[in-house]
Every structure is written in structure tokens, then in C-alpha cells.
Amino acid sequence: MKRTPIFVNRPILPPLSDLEPLLGEIWQSRILTNGGPLLRRFERALADYLEVAHVSIVSNASLGLVLALRHFGITGEVVTTPFSFVATSHAIRWAGAEPVFADVDERTLNLDPAAVEAAITDRTQAILAVHCYGIPCDTAALADIARRHGLRLIYDAAHAFGVRRAGRPLLAEGDLSVLSLHATKVFNTFEGGAIIAPDAETKAALDRLSNFGIVDEVTITGTGLNTKMSELHAAVGLALLPQADAAIAARNRLAAGYWEALSQIPGLRCLCPPAQAGHNGYAFPILVGDDYPLTRDGLYQRLKAEEIHARRYFYPLIADLPMYRTLPSAAPGRLAVARRAADQVLCLPLYPDLAPADQQRVIEAVRDPQC
Ligand code: T4K
């Protein structure tokens with residue numbers, strides 16, 4: 001019997017009835033983009049929800065990262081993690097700079113501060129760290145390294161919507177943080193992103209860069225890009241924001257269920273400890289080790305045969321992709337922790353309305369992989 005597919009992720013959506021009045025406003029005003037009224041409202045609502053000073057909303061996080069690097073004029077070396085979605089390194093290249101890979105920490109799979117420090121040269125201008133799966137980086141150690149070496153510290157916070165640590169929003173860390181509002185994220189505007197800015201002046205500069213560098217009809221001050229979000233996407237964001245808390249709570253409940261069922265299985269390591277206060281339940285990554293009856297790829301295929309579409313986020317390692325593997329920092333023998341993680345990781349299906357019976361199907365298939 002063909003079973004219904006279970007995907008790794010499903011987006012949350014606002015009720016259409018909440019979206020319709022906002023669409024009515026767009027049709028009435030005929031302002032479709034270029035920093036319209038809904039975008040401005042969404043920007044304020046998002047900053048308030050995230051408890052950050054300012055956000056500059058963009059069309060996606062990839063371009064947000066490019067803008068963040070361009071804002072600081074980074075064209076030299078950027079120390080970064082190879083264990084991420086490929087957008088992280090691609091953004092460095094699109095900004096005109098060069099990635100230098102440093103290994104990750106075994107416990108978090110985020111940049112290892114000691115490896116970062118060892119990778120710094122006199123051409124290094126910035127660190128681009130990722131809070132992978134919404135798990136916080138060692139922000140204190142990275143800030144200390146950045147300060148001592150006079151580097152910019154930028155966070156790819158694509159996965160970190162709403163994450164708090166010791167009562168503080170993680171997104172407030174670093175010189176700038178970039179959030180993704182893509183369909184696959186904890187909160188989405190279909191496509192979208194946001195740069196968290198510490199002050200109004202930085203936000204204004206980022207907003208200009210996002211709009212061709214335009215100041216007014218006759219003044220253009222920088223080589224800007226078009227990375228604006230439309231009113232349609234902003235309307236989705238405004239209509240969906242009231243559901244963000246419930247979505248995070250549901251994700252954390254499901255993640256706790258996986259932890260309970262899978263954390264004691266020999267050969268498996270669950271990366272995210274159970275619902276740490278302030279986490280957002282973005283993903284449930286497991287690492288498949290030698291004591292498990294199947295390899296990671298064996299488990300991936302076994303689940304797929306059951307129509308369970310787990311995903312190998314993040315494999316292949318960025319440093320092993322054709323456009324990066326000739327870099328000295330990507331050489332074989334380096335990045336041992338990241339390479340092992342890329343070979344072992346599997347993200348299990350996790351989204352707010354994952355039905356209990358479907359989660360049970362996943363748990364049973366992982367628990368008894370040879371049935
Ligand atoms: N930095 C990091 C660390 C990131 O992870 C990402 C993006 C970025 C930067 C860049 O952010 P953006 O520029 O996108 O804002 C997805 C996403 O496209 C990507 O945004 C995300 N990270 C990455 C981790 O995953 P794919 O190619 O794996 O997605 P796809 O289309 O295979 O979708 C995965 C599953 O989600 C599907 O099996 C079904 C479900 N899905 C997906 C979409 C798009 C839906 O149910 N509905 C949908 O509309 O890259």
C-alpha cells in the first residue's frame with residue numbers, strides 16, 4: 001500500500017481570511033513595492049516580536065548576507081563554516097570576498113573559536129558564523145576574537161528566528177545578523193529575509209543599499225542592489241506573525257518527542273537537547289554513527305522507501321563542492337569534524353502540524369531500521 005509522504009518540512013500559512021483585508025489595502029493603494037506601508041508595518045511588528053532595535057527587510061537571506069558584507073566593504077578573507085547551506089559561502093563570493101573555512105565544534109557543529117583564530121591572516125576582514133539549526137554559536141568567544149583582531153562579526157542567523165539565550169535575543173549578537181524568512185523556516189513570508197541592525201543609521205544605510213543606493217530622486221550614494229520585499233510578501237508576514245509563538249511551541253513539543261524516543265538508541269546522537277529554554281525547534285538533526293545498524297545513507301534510503309523524506313542538511317560539505325574545494329582551507333585532511341558531521345547527519349521531519357501518527361511512523365522506522 002502506498003503511504004502518504006512525510007516531508008522534512010512544511011510551511012506555516014496564515015488563514016486566508018486574515019490575509020484578505022491586507023490584500024484589499026494593496027489593491028486600494030496600488031503601492032506594490034519600494035518600501036510601501038505594509039512593509040513598514042511588518043518591519044516594526046517583526047522588530048517588536050524579535051525584541052531587536054531595527055530590522056531591514058530584504059527579499060531573501062542570501063542577498064541579506066551579501067548586503068551585510070558590502071555594508072562593511074568586506075572584500076578580503078572571511079573566516080566561515082563549511083558546515084552550512086551553500087548560501088553562506090556563495091554570499092561571501094557574491095560580495096567580492098573569499099571564504100576561508102575553519103572547522104566546527106563537535107558539540108554544536110558551529111564554528112570552533114580556536115579554529116577561527118588559527119585561520120586568521122593579515123588579509124582577514126570578517127568572521128561569518130552560522131547558528132546552525134538555530135543552535136547558538138559561542139558568541140562570547142567569537143566576539144572576543146573579532147575585537148582582538150579588529151574584524152567584523154556577522155551572523156548567518158537564517159535558522160535562528162525567535163531564539164533567545166539567557167533572556168536575550170540571539171539575533172542581537174554580532175555587528176549584523178541575517179535571518180531567513182523562506183518557506184522552509186520557522187516563520188516565513190514565502191521568500192524573504194531580514195538584517196538585524198543595531199541602530200537607525202545602520203538600518204537606513206542597509207535600506208539604501210537594498211534600493212539601488214537611492215537617497216532621493218536625484219541622489220544615489222552607493223552601488224546598491226535591488227533586494228526589496230514586495231507588499232504581497234509583507235502582507236503574508238503581517239498576517240502570519242500572530243502564529244509564530246504557537247509554531248515554535250509545537251516544534252519544541254515535537255522535538256522533545258523525538259528526543260524522548262531516539263536519544264538512547266546506540267549509534268545515534270541527537271544534536272539538539274530537549275527544548276532548551278529559548279530554542280525554536282527549527283530542525284531535529286541526528287548523527288548516525290558506527291554502532292547503528294545502517295549507514296547514514298542507508299537510513300536515508302530506508303526512510304525514503306517508507307515515503308519519509310528526511311534530508312541530509314548539510315551534505316555535501318560546502319568545502320567539498322567544486323567551486324570551493326581547491327581553496328587551501330578546504331584541503332583533504334582539514335575540517336575533520338565538519339567532514340564527519342556531513343557524512344553522518346540526517347534531519348528528521350519536523351514542522352508544527354506534523355501529525356502524531358506521522359511522527360510515530362518516523363520514530364518506528366528509525367528505531368527498527370531493519371524491519
Ligand atoms: N544560510 C543558511 C544557513 C540557510 O540554511 C539558508 C537557506 C540561507 C542562508 C539562505 O536563505 P534564503 O536565501 O533561502 O532566504 C531549502 C531552502 O530553499 C533554503 O532557504 C534553506 N536554507 C535550505 C536549508 O533548505 P532545499 O533545496 O533543501 O529546499 P526544498 O525545496 O527541497 O524543500 C525542502 C522541503 O520543504 C520539501 O521536501 C518540501 C518542503 N517545502 C518546501 C518549499 C520550498 C514545502 O512544503 N513548501 C515549499 O514551498 O533548500
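Atom set for the values below is all heavy atoms of this structure, side chains included, hydrogens, waters and symmetry mates excluded. Since the structure is predicted, the reported quantities are computational estimates derived from the model, not experimental observations. Order of appearance sets the numbers: ligands from 1, and atoms from 1 within every ligand.
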- Query: After noting the C-alpha distance and the side-chain angles of His90 and Tyr324, does the key distance pass the ring pair (Phe, Tyr, Trp, His ring centres under 6.0 Å) rule?
  - Reply: CA-CA 10 Å; His90 280 359; Tyr324 299 113; 5.7 Å; yes
- Task: Name all residues meeting the side-chain hydrogen bond (donor to acceptor under 3.5 Å, both in side chains) criterion together with Asp18; count only those two or more places apart in sequence or in a different chain, and write none if there are none.
- Result: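 Here no residue qualifies.
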- For His54, enumerate each residue passing the side-chain hydrogen bond (donor to acceptor under 3.5 Å, both in side chains) test, keeping only those at least two apart in sequence or located in another chain.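 For His54 there are no side-chain hydrogen bond (donor to acceptor under 3.5 Å, both in side chains) partners, ignoring immediate neighbours.
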- Does anything in residues 122-131 pair up under salt bridge (Lys or Arg N to Asp or Glu O under 4.0 Å), and if so which pairs, sequence neighbours excluded?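 Residue pairs passing salt bridge (Lys or Arg N to Asp or Glu O under 4.0 Å), neighbours aside: Glu77-Arg123.
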- Enclosure of Arg107 CZ (heavy-atom neighbours >12, cutoff 6.0 Å):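 Atom CZ in Arg107 is not packed in, count stays at 12 or less.
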- Option from Val78, Thr124, Val116 for which side-chain contact (heavy atoms from CB on, under 4.5 Å) with Leu151 holds: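 Option passing the side-chain contact (heavy atoms from CB on, under 4.5 Å) with Leu151: Thr124.
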As a test of reading the model: which N/O atoms of the protein lie under 3.5 Å from N/O atoms of ligand 1, and at what distance?
| unit_1 | atom_1 | unit_2 | atom_2 | d |
| --- | --- | --- | --- | --- |
| ligand 1 | 1 (N) | Asp156 | OD1 | 3.1 |
| ligand 1 | 1 (N) | Asp156 | OD2 | 2.6 |
| ligand 1 | 5 (O) | His159 | NE2 | 2.7 |
| ligand 1 | 13 (O) | Ala61 | N | 3.4 |
| ligand 1 | 13 (O) | Ser62 | N | 3.0 |
| ligand 1 | 13 (O) | Ser62 | OG | 2.7 |
| ligand 1 | 15 (O) | Ala61 | N | 2.9 |
| ligand 1 | 15 (O) | Ser180 | OG | 2.8 |
| ligand 1 | 18 (O) | His182 | NE2 | 3.4 |
| ligand 1 | 20 (O) | His182 | ND1 | 3.3 |
| ligand 1 | 20 (O) | Lys185 | NZ | 3.4 |
| ligand 1 | 22 (N) | Lys185 | NZ | 3.0 |
| ligand 1 | 28 (O) | Arg311 | NH2 | 2.9 |
| ligand 1 | 28 (O) | Tyr313 | OH | 2.5 |
| ligand 1 | 32 (O) | Arg311 | NH1 | 2.8 |
| ligand 1 | 32 (O) | Arg311 | NH2 | 3.4 |
| ligand 1 | 46 (O) | Arg10 | NH1 | 2.8 |

